[in-house]
**Q** 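Just dropping this structure here.
Heads up: numbering here begins at 1 and tracks the sequence. None of the values given here were measured: they were computed from a predicted structure.
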Amino acid sequence: QVQLVESGGGSVQVGGSLRLSCADSGRTFSSYAIGWFRQAPGKEREIIDREFVAAVSGPGGHTYYTDSVRGRFTISRDNFKNIASLQMNDLKPEDTAVYYCATALDPPPLSVTGYNNWGQGTRVTVSS
């Protein structure tokens, strides 16, 4: 059974960095693509309202980003440790959100459709 747990969120100033982690205690981690999504404050809390941020294929050879984070965020995974990471640099106020990870079959979708096993989220706050 896949159970994802996000960590690494926090409060930073504009231009700062954070590294989010998505850990899975299951044995099939490398079989799934991992996607990161975010939900900004004030937005509806339904899964369908979450914004795609980045995804990485199961073996880790392919990565995908939404335009607003490309060049600032880097997604990666370590299939030996069952952890996927999202390195976030040059953070902006508009990056403020709760960040979630989830699993999908390859190739990873670029929207919430097709993702399952959502974690509980980790909050990121970027202040100016």
**Q** Mind jotting down which residue pairs meet the salt bridge (Lys or Arg N to Asp or Glu O under 4.0 Å) criterion with at least one end in residues 112-122? Sequence neighbours excluded, please.
**A**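 Every candidate salt bridge (Lys or Arg N to Asp or Glu O under 4.0 Å) pair involving residues 112-122 fails, so no pair, neighbours aside, qualifies.
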**Q** According to the ring-ring contact (aromatic ring centres under 6.0 Å, His included) rule, which pairs have a member within residues 11-31, sequence neighbours left out?
**A** none
**Q** Taking only residues at least two apart or on different chains, which pairs with a member in residues 1-10 satisfy salt bridge (Lys or Arg N to Asp or Glu O under 4.0 Å)?
**A**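 Qualifying pairs, neighbours excluded: none.
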**Q** What distance do Y32 atom OH and I34 atom CD1 have between them, rounded to the nearest 0.5 Å?
**A**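 Reported to 0.5 Å precision, the distance equals 9.5 Å.
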**Q** Taking atom CD of Q3 as the centre, does the number of heavy atoms from other residues, nucleotides or ligands within less than 6.0 Å exceed 12?
**A**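 No.
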**Q** Measure the spacing between CE of M88 and CD1 of I75 and express it to the nearest 0.5 Å.
**A** 11.5 Å
**Q** What is the distance from atom CG of D24 to atom CZ of R77, rounded to the nearest 0.5 Å?
**A**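 D24 atom CG to R77 atom CZ measures 9.0 Å (nearest 0.5 Å).
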**Q** Return yes if some donor-acceptor pair links the side-chain N/O of N79 with the main-chain N/O of N82 below 3.5 Å, else return no.
**A** no
**Q** List, by chain and then residue number, the residues other than V5 in its hydrophobic cluster (Ile/Leu/Val/Met/Phe/Trp/Tyr, side-chain heavy atoms under 4.5 Å); write none if there are no others.
**A**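 For V5, no cluster forms, as it stays isolated from other hydrophobic side chains.
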**Q** Using the test ring pair (Phe, Tyr, Trp, His ring centres under 6.0 Å), find all partners of F52 that sit at least two apart in sequence or belong to another chain.
**A**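 With neighbours one apart ignored, the set is F37.
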**Q** Please list, one pair per line, the donor and acceptor atoms closer than 3.5 Å that link side chains of residues 99-114 to other protein atoms, with sequence neighbours excluded.
**A**
from	atom 1	to	atom 2	distance (Å)
Y99	OH	R38	NH1	3.0
Y99	OH	D95	O	2.6
T103	OG1	N116	O	3.3
T103	OG1	N117	ND2	2.8
D106	OD1	G58	N	3.3
D106	OD2	G58	N	2.9

**Q** V126, V69: one ILVMFWY side-chain cluster at the under-4.5 Å cut-off?
**A** yes
**Q** For F80, what are the other residues in its hydrophobic cluster, where any two members join if their side-chain heavy atoms are less than 4.5 angstrom apart?
**A** none
**Q** Kindly indicate whether the side chain of D49, heavy atoms from C-beta on, has any atom under 4.5 Å from the side chain of Q39.
**A** yes
**Q** Mind listing the side-chain donor-acceptor pairs of residues 12-23 below 3.5 Å, one per line with the distance, residues two or more places apart or on another chain?
**A**
from	atom 1	to	atom 2	distance (Å)
S17	OG	N89	OD1	2.9
R19	NH1	Q87	OE1	3.1

**Q** Looking at every non-hydrogen atom in both residues, tell me the closest pair between Y115 and A55 and how far apart they are.
**A** OH-CB, 3.6 Å
**Q** Hydrophobic cluster membership, with links at side-chain heavy-atom distances under 4.5 Å among I/L/V/M/F/W/Y: are F73 and Y64 in one?
**A** no
**Q** Evaluate side chain to side chain contact (heavy atoms under 4.5 Å, CB included) for S68 paired with K92, printing each intermediate quantity in order.
**A** CA-CA 10 Å; S68 64; K92 303 177 180 181; over 6 Å; no
**Q** Could you list all the side-chain hydrogen bond (donor to acceptor under 3.5 Å, both in side chains) pairs where at least one residue sits in residues 118-128, not counting sequence neighbours?
**A**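 Output for this query is empty, none listed.
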